[in-house]
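Residue indices begin at 1 and follow the sequence shown.
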Amino acid sequence: MAEGARLTHRFANADDMARWIVGEVGHDLRMALPLGIGKGTHIANALYALVQEDRSIELDIFTALTLERPHASSELEGRFLEPFADRHFAGYVELDYARDLRAKRLPDNVHVTEFFLNSAVWLSTPQVQQAYVSVNYSAAARDVILARPINVLAQLVAVDESGPTPRYSLASNPDVTLDILPELEARRGNGAPFLFVAQVNRDMPFMPGTAEIDVSRFDAVLDDPSVEFPVFAAPRRPVSTAEYVAGLHAASLVKDGGTLQIGIGSLGDAVTYALILRHRHNALFRSLMGSLTDEPRETEPFEQGLYGASEMFVDGFLELYDAGILKRRSQAGPVLHAAFFVGSRGFYDRLKAMPEEKRADFDMTAVSFTNALYGDEPQKRADRVHARFINNAMKADVLGAAQSDTLGDGRVVSGVGGQHDFVEQAIALRGANSILMLNATRTKDDAVESNVVWQLDRTTIPRHMRDVIITEYGVARLKGANDADCIRRMSAITDARFAADLAERSEKAGKVGPIDKTAWQANTPERLEAVLADARSKGFFPDFPFGSDFTEEEQTALRALGKLKEKGNAKGALARTALAGLGYRLDAKEAAALGRLGLGTGAADRVYRLLLAGAWKEVGPAKRG
């Protein structure tokens with residue numbers, strides 16, 4: 001051991017490690033946990049149990065994106081969700097503090113602060129809402145973590161045991177760790193208490209490159225079969241017609257030889273699918289774009305390919321890599337730089353099965369690298385040519401501002417995350433675009449509302465940073481546009497049921513002259529279905545473009561359950577749906593789905609049967625592809 005090197009303690013039991021941590025640090029624990037799947041779960045749970053037993057110990061937890069098994073909001077949803085969750089998340093170990101936060105029984109000596117929330121799952125938990133910190137992802141290290149006297153960092157790590165000695169990797173989460181670790185180690189050198197503790201999990205893909213870390217930097221390692229568990233795998237969701245068409249629009253803005261950032265979820269999957277369609281089925285892609293717009297777009301296959309610069313490494317990047325699209329190398333060599341990942345079970349398995357030289361094409365690194373131009377700026381500018389940073393929004397107003405993270409009453413849906421970071425990068429980079437995607441409408445309690453509005457409840461991206469906004473009805477290019485042109489372009493991508501009202505309000509406010517009403521007359525869901533109909537008959541645009549984690553019966557049930565969720569608590573709409581179900585003849589797959597939901601012959605179950613039948617009648621057949 002080199003002179004001055006510290007001893008890395010080894011533990012096989014999380015409770016033993018927790019007692020050791022308290023003995024080293026004291027009774028005032030200020031623990032940082034990485035975002036998402038990188039949390040040292042058993043370490044956190046053991047410390048949490050210890051402070052529950054001994055209320056003289058204070059535990060402050062600073063983290064983001066605490067992931068849980070999904071929770072049902074109704075009895076019918078529970079019949080679907082609970083068996084699926086038992087299967088899909090079998091063996092997954094949850095964080096005990098999250099369980100008690102949800103039950104509103106977190107002890108007074110424990111405090112949890114998050115700077116990004118699992119989307120929409122904490123809206124009814126005041127303790128989480130009150131402790132949320134709104135901060136850009138790139139600034140979280142400095143303004144949330146290092147602004148406090150953190151004395152424990154507990155991280156889940158991967159290990160490679162193929163060589164003579166084990167190698168360790170921060171794997172999914174070098175994001176904030178690489179940005180805070182040097183400062184925390186320096187504080188320790190100046191006498192402040194600090195422990196960097198790791199929990200080994202062999203289900204975590206080992207990522208070489210920047211994420212690899214020398215074991216001597218850990219003060220302690222927890223490693224035993226008893227603390228191994230499957231990491232959280234996000235279920236793949238179906239992609240709707242509206243999302244597919246929005247994805248086509250987005251794919252037609254991506255320049256060959258350029259740079260890409262995309263996010264998780266069905267909209268990200270839609271963009272990925274459209275990019276692959278453009279590359280592999282170019283004639284079909286061109287034909288579809290010709291039916292959607294008459295403006296010039298990027299439609300050629302990818303010869304130079306794309307480089308990825310994204311805070312999140314999602315399944316879509318692996319699909320693009322396999323398709324031969326993600327192949328333009330950065331100056332450093334990798335085809336992707338990303339700060340963290342959360343993916344499907346297939347995503348993790350594919351990464352682990354790759355030879356290391358292939359895995360090295362994806363360099364997991366600090367969020368300060370992916371989300372900002374500061375530091376290594378010449379290299380970043382040279383790599384990030386023709387950048388297209390694609391993110392999701394909830395709403396946008398006619399002047400180009402966007403609402404992405406918070407409801408009108410102040411409750412946080414998720415968080416700003418890196419969205420503002422990438423919008424700022426797009427402004428700073430020549431030839432770059434920030435692209436915000438949103439569904440043109442949403443349905444709640446059977447009422448359809450526009451997501452393009454006159455005035456936002458809250459603003460995430462201000463209008464002076466407006467660039468490109470996409471709905472399923474087209475592309476609004478807003479950078480440098482005056483307010484009147486911005487209103488015209490936003491009206492042109494608004495659902496026809498709402499565009500006239502927005503135009504009238506804008507005209508009355510004196511912000512725009514008369515708008516040609518033909519600009520939005522074709523903006524209907526029926527037209528979108530017609531655009532994709534022929535391609536669907538040939539096997540394109542399936543409900544699940546990259547495979548599904550749901551059984552056939554569950555996929556069938558999802559189609560009806562999604563429609564019923566739109567009905568919400570609208571009693572009249574639910575009654576009409578049940579009546580429609582009276583005369584509906586179930587096909588074999590729908591009958592099997594009822595069996596999967598365990599519906600019997602009781603009064604409540606008969607109502608559920610009618611509701612599901614009516615919903616299937618309304619949504620029509622599945623898009624199998």
Check residues 140-150 and write down every donor-acceptor pair under 3.5 Å in which the side-chain atom is one partner and the other belongs to a residue at least two apart or another chain.
{"unit_1": "R148", "atom_1": "NH1", "unit_2": "V144", "atom_2": "O", "d": "2.7"}

Residues that F362 engages under ring-ring contact (aromatic ring centres under 6.0 Å, His included), provided they are two or more places apart: F313, Y321
R388 and Q261 side chains, donor-acceptor separation under 3.5 Å: no
Between E212 and S169: side-chain donor-acceptor atoms closer than 3.5 Å: no
Donor on one side chain, acceptor on other, S414 and D405, under 3.5 Å: no
Residue that, paired with F232, satisfies ring pair (Phe, Tyr, Trp, His ring centres under 6.0 Å) out of Y92, F341, F347, Y348: Y92
Stepwise salt bridge (Lys or Arg N to Asp or Glu O under 4.0 Å) test for E295 and R477: CA-CA 12 Å; E295 68 178 45; R477 301 174 190 268; 3.2 Å; yes
Pair Y168-F206, ring pair (Phe, Tyr, Trp, His ring centres under 6.0 Å): steps then yes or no: CA-CA 8 Å; Y168 295 87; F206 181 93; 8.4 Å; no
Short side-chain donor-acceptor distance under 3.5 Å, N391 and Q419: no
Side-chain donor-acceptor pair present, N433, D467, cut-off under 3.5 Å: yes
Pair R69, H88: side-chain N/O donor-acceptor within cut-off below 3.5 Å: no
N136 side chain to S138 backbone, donor-acceptor under 3.5 Å: no
Distance-only donor-acceptor check, side chains S266 and R237, under 3.5 Å: no
No-hydrogen, no-angle side-chain donor-acceptor test under 3.5 Å, T41 and Q199: no
Distance-only donor-acceptor check, side chains T365 and D363, under 3.5 Å: no
Basic-acidic side-chain contact under 4.0 Å: R188, D219: yes
R278 side chain to N282 side chain, donor-acceptor N/O pair below 3.5 angstrom: no
Ring-ring centroid check F116 Y132, cutoff 6.0 Å: no
Matching residue for Y307 among H386, Q331, H337 - test: side chain to side chain donor-acceptor pair (under 3.5 Å): H337
Derivation and outcome, salt bridge (Lys or Arg N to Asp or Glu O under 4.0 Å), residues E303 and K327: CA-CA 9 Å; E303 294 184 7; K327 64 181 182 181; over 6 Å; no
